Amino acid sequence: MGAQRINIVFLFSDEHAASAMGNSGHSVVRTPNLDRLAEKSYTFDNAYCNSPICTPSRLSMLTGRYPHQIEAWDLGVIADQHRHRTWGHYLGQADYRTVLCGRIHFNGSDRLMGFSHRLLDDLPKWHRSSGRPPARSPNERRGSNSHVTECGPGNHAHSAYDRQVTDLALDFLKQEVTSANKQPFLLYCGYMRPHFPLIAPAEFLADYDPNTLELPSTWNRPLDYQHPVIQHLRWAWRNEVPPPESIARCALASYYALVSALDAQVGRIVNAIDNSPLADNTVIIYTSDHGEMAGHQGIWQKQCFYQPAVQVPLMLRLPANRAETGRVSQNVSLLDILPTLLDLVGQSAALPGRSLLDIARHEADRIDRPVFAEYHHMGMLNAGFMLKSGYHKLCYYVGHSPQLFDLSTDPTEIHNLAGTSNLVAKMESELRLICDPEQVDGQAKADQARRRSALS
């Protein structure tokens, strides 16, 4: 798009699994607004987060760097804008106003991290200003399995917060339409939903009958059939014993309802743009920081490299006068968003990602590009890494044997091919071009120990 002065509206949810959307082929989840957005967008069918947990994923995306490159190991990390440049810094230099509205999960006292101003901050409980890291000890585990059992109809602060995000964003957009200020803007709208607790507005939950939902085929998979790393992960996050089927059904219905509630907020933003002059000069991007296992493999939440946890929805809609659409098969990740923003505003930088527009225009039908993720938080005693190349996915665990899945023949990731395939060595070599897993694991543990000591 060269140096054309366009606006960018970035819509960012929390914990939206890529499959939980009508546009992804889901036969139950109702997402009419996201589906309409997707019809007019480049839709990326193989998009991945770079860490399956909130803060590392978000900081990686916002800096365009892998988590290990910016020491974003865990939920408690406090980013340092003097060391790591964010979208705000890059687009600010391109004379953009960079506006935050809603959930972004910055920890500490710096609530802007290079952005120009903020319409709405995170809820106070998410600031986590102490920076305390997880202990990652063998006996550390979540206090309860409320991320599953706390489900059903009700009003919750997260849903009210999301409505406030949209309200303030709409006020901002309305002012832009009438303002004489023609400086372009990036508006980031961060939503809480469909992140647990799974308390869903009754009007959306009414669309989902728990008794008729199809549970994941692996929702009650016994621990004994799983990899040792996954066994410990399930134990640490209180997923080792599947909930009663009635609870699992209620939780799944509630999750779907929260996706639909999020969809309604997205629809308000998109409709406002489409019904204003902004339609002709505004790019819309929608994605999520990670997915939600929603019972797959007996797991709720994320924190692993199975598809429901690491694969995210991702769509990019160009202005109405630039009709470019299509489904893109190539592997991409959230790391590619910053290069995309720079491409949109006519800038560039030396970053590990690539512009999504470049990929969509030249590699839409390919799937050979490798994408990478990592995890250094509670539940994995040693670091975990993922490399997806083509349809194959390698899960490399420091100190343990790997997993290898062929997603073209095994989409539910039941059959570990690591013991029988010669691809493991090849894919491990590709992974080591990005980082040395053992060295990064040691670096993460040392930094977490240092932070813990400083707070003791």
Side-chain angles (χ1 to χ4, degrees), residues 48-57 59-60 65-77 133-142 223 225-237 239-240 290 293 297 299 301-307 309-310 333 335 352 370-389 392-405 413 416-453:
Y48 292 83
C49 66
N50 300 104
S51 184
I53 196 165
C54 299
T55 307
S57 176
L59 290 178
S60 174
R65 305 284 181 184
Y66 292 118
H68 66 268
Q69 292 179 316
I70 57 171
E71 299 178 339
W73 313 115
D74 51 65
L75 289 177
V77 68
R136 295 180 67 188
S137 62
N139 60 352
E140 184 182 28
R141 67 191 309 214
R142 195 176 194 270
L223 284 179
Y225 288 89
Q226 292 182 302
H227 190 283
V229 168
I230 302 302
Q231 290 181 20
H232 182 75
L233 183 83
R234 284 181 61 179
W235 176 87
W237 291 98
N239 289 312
E240 76 276 17
H290 49 71
M293 289 297 289
Q297 306 286 351
I299 301 171
Q301 290 198 61
K302 52 275 183 181
Q303 297 106 9
C304 61
F305 303 121
Y306 289 119
Q307 288 289 92
V310 290
S333 79
L335 210 70
V371 290
F372 169 92
E374 58 190 291
Y375 183 79
H376 307 274
H377 198 72
M378 192 181 84
M380 286 191 190
L381 300 181
N382 301 312
F385 301 87
M386 180 203 83
L387 186 86
K388 181 172 183 272
S389 182
H392 286 91
K393 179 194 292 183
L394 176 71
C395 304
Y396 183 97
Y397 305 113
V398 172
H400 281 277
S401 60
Q403 291 174 300
L404 177 68
F405 300 108
E413 299 168 285
N416 181 7
L417 306 177
T420 59
S421 174
N422 57 9
L423 275 176
V424 172
K426 177 179 181 295
M427 293 187 70
E428 182 183 330
S429 295
E430 284 188 86
L431 188 152
R432 289 182 180 275
L433 293 176
I434 298 173
C435 74
D436 179 331
E438 286 71 25
Q439 185 273 328
V440 168
D441 181 46
Q443 180 186 355
K445 289 174 178 174
D447 187 59
Q448 288 169 329
R450 177 190 60 78
R451 288 162 50 208
R452 194 177 305 111
S453 176

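What you see below is based on every heavy atom in this structure, not just the backbone, and it leaves out hydrogens, waters and symmetry mates. The shown structure was predicted, so the numbers you read here are calculated from the model rather than taken from an experiment. Note that the numbering runs from 1 along the sequence shown for the chain.
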Exercise for the section: Decide yes or no on side chain to side chain contact (heavy atoms under 4.5 Å, CB included) for Glu71 and Gln443, but give the supporting numbers first. Expected result: CA-CA 9 Å; Glu71 299 178 339; Gln443 180 186 355; 3.6 Å; yes

Handout entry: Derivation of the salt bridge (charged side-chain N to carboxylate O under 4.0 Å, His left out) call for Glu240 and Arg141
Key = CA-CA 11 Å; Glu240 76 276 17; Arg141 67 191 309 214; 2.7 Å; yes

Determine the minimum heavy-atom distance between [X] and [Y], stating which atoms define it.
X: His290; Y: Ala309; answer: CB-O, 3.6 Å
X: Pro52; Y: Lys302; answer: O-CG, 3.0 Å
X: Ala236; Y: Gly379; answer: CB-CA, 3.6 Å
X: Ala418; Y: Pro402; answer: CB-O, 3.5 Å

Practice task
Assign the ring pair His377 / Tyr375 to parallel, tilted or perpendicular, where the plane angle (0 to 90°) is split at 30° and 60°.
Solution key: perpendicular

Backbone N/O of [Y] and side chain of [X]: donor-acceptor pair under 3.5 Å:
X: Gln448; Y: Pro133; result: no
X: Arg136; Y: His376; result: yes
X: Asn50; Y: Leu335; result: yes
X: Thr420; Y: Leu417; result: yes
X: Gln226; Y: Gln297; result: yes
X: Ser51; Y: Glu374; result: yes
X: Asp441; Y: Ala383; result: yes
X: Ser453; Y: Ala449; result: no

pair [X]-[Y]: side-chain heavy atoms closer than 4.5 Å:
X: Tyr66; Y: Pro352; result: yes
X: Glu140; Y: Pro134; result: yes
X: His227; Y: Tyr397; result: yes
X: Arg451; Y: Val77; result: yes
X: Val229; Y: Gln403; result: no

First locate atom [atom1] of [X], then atom [atom2] of [Y], and finally report the distance between them rounded to the nearest 0.5 Å.
X: Ser60; Y: Gln69; atom1: OG; atom2: CD; answer: 8.0 Å
X: Leu223; Y: Arg234; atom1: CG; atom2: CZ; answer: 4.5 Å
X: Leu394; Y: Leu423; atom1: CG; atom2: CG; answer: 9.5 Å
X: Met386; Y: Cys304; atom1: CE; atom2: SG; answer: 11.0 Å
X: Asn139; Y: Trp235; atom1: CG; atom2: CH2; answer: 6.0 Å
X: Ile230; Y: Asn239; atom1: CD1; atom2: CG; answer: 11.0 Å

Residues which pass side-chain contact (heavy atoms from CB on, under 4.5 Å) with [X], listed by chain and number, not counting sequence neighbours:
X: Pro370; answer: Leu387, Ser389, Glu430
X: Pro437; answer: Phe385, Tyr396, Val398, Leu431, Arg432
X: Leu381; answer: Pro138, His232

Problem - Verdict with reasoning, Trp237 to Met293, per side chain to side chain contact (heavy atoms under 4.5 Å, CB included) - result: CA-CA 12 Å; Trp237 291 98; Met293 289 297 289; over 6 Å; no

Practice task
Applying side chain to side chain contact (heavy atoms under 4.5 Å, CB included), run through Phe305 and Lys388 and close with a yes or a no.
Solution key: CA-CA 10 Å; Phe305 303 121; Lys388 181 172 183 272; over 6 Å; no

Practice task
Could you walk me through whether Met378 and Leu75 pass side chain to side chain contact (heavy atoms under 4.5 Å, CB included), step by step?
Solution key: CA-CA 10 Å; Met378 192 181 84; Leu75 289 177; over 6 Å; no

